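In what follows, a structure is listed as structure tokens, so that the remarks can point back to it.
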Amino acid sequence: MIRFTNTLTRTLDPFQPAGDVVTMYVCGITPYDESHIGHAMSYVVFDVVKRYLTWRGYHVKHVQNFTDIDDRIIERANRLNITTDELVARYIAAYTDDMRDLNVLPADVYPRATREVPEMIEMIEGLIKNGFAYEAASELSESSDVYYRVSAKKDYGALSHRTQDSLLAGARVEPGEHKEHPADFALWKGAKAGEPSWDSPWGKGRPGWHIECSAMSLKYLGAQIDIHGGGEDLVFPHHENEIAQTEAYTGQQPFVRLWLHNAWVKMGEEKMSKSLGNFITIRDGLKKVGGDGLRLWILTSHYRKPLTFTEETLDAAKAGVARLRTAARAGGDAGDAGVDLAAYRERFTAAMDDDLNTPQALAVLFDLAKEINRARDEGRGMAQAQGLLLELGEVLGLRLEQPEQSIEAAPFIDLLVQVRDELRAAKQWQLADRVRDSLAALDVVLEDSASGTTWKPA
RNA sequence: GGCGACGUAGCCAAGUGGUAAGGCAGGGGUCUGCAAAACCCCCAUCACCGGUUCGAAUCCGGUCGUCGCCUCCA
């Protein structure tokens with residue numbers, strides 16, 4: 001039985017989707033800058049959720065949004081003197097490249113806020129009609145704002161385990177806003193001069209942040225969905241507000257059956273974040289340790305625990321990948337090594353069933369790798385065990401069977417290796433070693449074995 | 001102030017009642033022309049104090065420390 005920790009209940013609950021197709025909504029990025037490895041953690045984690053459920057026989061429909069209009073996008077576009085559309089297109093492309101290289105499977109739909117405005121307006125109108133929202137004049141705009149009336153929903157705060165009273169303390173009202181209650185939040189913002197805006201019953205304006213996810217999950221996945229995921233920092237206020245909006249609008253509860261949240265990446269003792277400026281981009285991480293390396297680094301920690309970034313841990317992940325790859329690719333003799341494959345399969349499944357315990361699942365892969373290496377050393381067949389290693393690796397999104405990038409110089413390296421073999425046959429050790437050392441300096445590692453010499457990128 | 005998380009070997013990180021998975025690094029071997037890889041062996045009593053229990057890293061209480069959310073954030 002697959003179980004997950006549900007943020008709403010804080011308990012480990014059996015996974016029970018409502019229908020044949022598992023509906024999963026994951027909060028996507030705001031494309032105004034390059035994504036960092038904290039984002040990578042979130043998307044890799046939910047990619048593994050999807051891969052694992054699929055491996056277990058479920059069909060998953062995955063929707064992930066792009067928040068393509070917000071303050072940061074407007075600011076950044078103004079600063080670069082380009083349109084918000086141009087800015088957004090640039091960073092969606094960068095994100096897409098990052099995900100491809102991380103081997104993150106694409107979502108089924110990538111809705112964008114700016115293309116779903118009518119749906120959001122319809123929802124806001126419904127909320128006003130049934131008393132959960134109200135229009136309010138704004139001194140910052142010629143148009144009105146629309147706010148969600150938090151006090152109208154009794155269980156507001158359930159996800160983040162907060163009371164409405166406690167929310168009063170932290171809530172802030174910007175100058176010029178006319179909220180009934182400080183904790184009320186914007187569904188629609190009246191347009192300020194020079195901002196992109198859309199026509200609405202309340203004049204020109206743009207949607208608030210939270211309403212987009214409510215509108216898009218409703219449109220693409222229905223009033224009630226199985227899984228909603230995102231980073232832990234979205235629990236409040238974003239996801240709390242999504243629940244409030246969607247449930248108030250549809251009248252159906254619960255909006256989400258299973259809330260999943262991943263913890264954050266720490267830089268030393270602090271959270272990695274854009275605002276602190278202490279981030280490593282996905283692109284840089286990929287250059288350093290590759291897609292598998294980054295994934296392994298992320299998955300060696302449980303998704304609900306903070307993951308510490310240091311250069312050393314990233315290097316460790318890279319070395320770990322090399323180890324798994326060696327076992328997966330070492331020239332395999334056909335046949336069964338006498339390895340109890342079913343036992344490994346069961347251990348892996350048990351670990352993953354238990355709230356996606358990827359650290360334990362990886363331990364199973366490493367144990368299996370050791371068995372494969374041992375079989376090879378003893379001259380036993382190991383092809384089946386290697387097949388299992390690849391299969392389980394794939395569930396975690398690891399591409400162990402092939403180099404991630406084709407190397408253009410491969411034919412030349414092969415040639416050098418051949419020449420070196422002849423030198424070795426002639427016992428010209430010094431020259432042979434020079435070839436090896438020179439290739440090493442170019443990050444090509446040679447390994448001699450009884451069956452010949454192989455090489456791999458460092 | 002409110003809510004929450006965490007503190008396990010040099011580093012990272014599982015384990016939530018029966019005497020500590022895994023990875024990286026390190027040490028010693030085997031193999032090798034040498035090296036690399038691989039294999040074998042070694043390397044922690046779980047922040048601290050007290051309690052419950054036959055038995056606790058794991059439950060309870062306290063102390064110290066660290067971090068997060070409450071404002072944009074994966």
Side-chain angles (χ1 to χ4, degrees), chain A residues 10 26-30 32 35-46 67 70-72 157 160-163 165-172 174 183 209 229-238 240 261-266 268-276 279 296-297 299-302 304-324 326-327 330 347 351 354 357-367 369-370 372-378 424 427-430 432-433 436-437 440 445-450 453-456 458:
Chain A
R10 307 282 162 104
V26 178
C27 282
I29 57 159
T30 300
Y32 74 104
S35 300
H36 59 66
I37 56 179
H39 299 106
M41 177 183 185
S42 192
Y43 299 114
V44 165
V45 163
F46 288 103
T67 301
D70 96 323
D71 290 344
R72 289 165 298 170
S160 53
H161 296 222
R162 290 158 208 253
T163 61
D165 289 342
S166 73
L167 288 168
L168 254 178
R172 245 195 259 166
E174 297 296 326
W209 174 34
E232 195 178 39
D233 41 14
L234 297 179
V235 171
F236 190 89
H238 187 54
E240 195 72 72
H261 292 98
N262 63 278
W264 56 94
V265 171
K266 289 187 347 180
E269 291 299 321
E270 286 180 318
K271 180 185 171 189
M272 175 179 292
S273 74
K274 283 283 170 59
S275 42
L276 291 171
F279 57 90
L296 190 76
W297 172 71
L299 297 174
T300 51
S301 163
H302 186 86
R304 281 189 302 101
K305 295 275 186 67
L307 169 61
T308 309
F309 171 87
T310 63
E311 294 287 336
E312 195 182 355
T313 58
L314 215 50
D315 289 341
K318 184 180 182 183
V321 167
R323 180 174 175 74
L324 292 177
T326 297
R347 279 176 62 203
D354 182 21
N357 195 329
T358 54
Q360 281 192 342
L362 281 169
V364 175
L365 296 199
F366 280 106
D367 286 346
K370 179 163 286 190
I372 290 168
N373 289 332
R374 202 180 289 146
R376 185 198 55 200
D377 281 5
E378 295 168 4
R424 290 181 67 219
K427 297 199 190 302
Q428 300 272 349
W429 306 125
Q430 278 200 335
D433 289 351
R436 185 172 65 198
D437 293 343
V445 178
L446 299 197
E447 294 175 358
D448 298 326
S449 76
T453 300
T454 58
W455 62 269
K456 64 183 180 185

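So you know, we letter chains A, B, ... as the sequences are listed, proteins then strands, and number each from 1. Since this is a predicted model, take the numbers as computed values, not measurements.
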[N] and [M]: how far apart are their [atom1] atoms, nearest whole angstrom?
N	M	atom1	answer
B/A56	B/C48	P	15 Å
B/G10	B/A47	P	13 Å
B/G4	B/G23	C1'	30 Å
B/U53	B/C67	C1'	33 Å
B/A57	B/U52	P	16 Å
B/G17	B/C59	C1'	8 Å
B/C43	B/G27	C1'	8 Å
B/G22	B/C40	P	11 Å

Applying a 3.5 Å limit to both distances, which nucleotide forms a Watson-Crick or G-U wobble pair with B/G26?
->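 B/G26 is paired with B/C42.
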With both distances under 3.5 angstrom, what nucleotide forms a Watson-Crick or G-U wobble pair with B/A37?
->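 For B/A37, the partner nucleotide comes out as none, under the 3.5 Å rule.
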More 5' along RNA chain B: A/Asp433 or A/Leu296, using each one's nearest nucleotide?
->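 Between the two, 5'-proximity favours A/Leu296.
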Find which nucleotide of RNA chain B each of A/Gly38 and A/Glu447 is nearest to by heavy atoms, and output the residue with the more 5' nucleotide.
->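 Its nearest nucleotide being more 5', the pick is A/Glu447.
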Can A/Glu240 and A/Arg162 be counted as an ion pair, charged N to O under 4.0 angstrom?
->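 Judged by the 4.0 Å cut-off on N to carboxylate O distance, A/Glu240 and A/Arg162 do not form a salt bridge.
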Describe the nucleic acid contact of A/Tyr43 in one word from base, sugar-phosphate, nothing, applying a heavy-atom distance below 4.0 Å.
->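 Sugar-phosphate: the residue A/Tyr43, judged by heavy atoms under 4.0 Å, touches backbone atoms but no base.
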Mind calculating the distance between CG (A/Asp448) and P (B/U32) to the nearest angstrom?
->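 To the nearest whole Å, that distance equals 13 Å.
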Grab the CZ-P distance between A/Arg162 and B/A5 for me, whole Å please.
->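 The answer, rounded to whole Å, is 12 Å.
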How does each nucleotide of nucleotides 14-21 of chain B score, in 5' to 3' order, for protein heavy atoms under 4.0 Å: base (B), sugar-phosphate only (S), or none (-)?
-> SS-----B
Centroid under 5.5 Å and tilt under 30°, A/Trp264 to B/G68 =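 Ring-base stacking flag not set for A/Trp264 and B/G68.
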Short side-chain donor-acceptor distance under 3.5 Å, A/Asp70 and A/Thr30 =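 Not at all, the side chains of A/Thr30 and A/Asp70 share no donor-acceptor pair under 3.5 Å.
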If you take all heavy atoms of A/Ser301 and A/Thr358, which pair is closest and at what distance?
->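 Closest approach of A/Ser301 to A/Thr358: O-OG1, 3.6 Å.
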Looking at A/Asn373, does any N or O in its side chain come under 4.0 Å of the phosphate oxygens OP1/OP2 on B/C39?
->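 For B/C39, OP1/OP2 do have a side-chain N/O of A/Asn373 under 4.0 Å.
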Can you say whether a donor on the side chain of [X] sits under 3.5 Å from an acceptor on the base of [N], or the other way round?
X	N	answer
A/Arg323	B/G23	no
A/Arg436	B/A35	yes
A/Asp233	B/C72	no

Among B/C40, B/G68, B/G33, which nucleotide sits nearest the side chain of A/Trp429?
->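 Closest nucleotide to the A/Trp429 side chain: B/G33.
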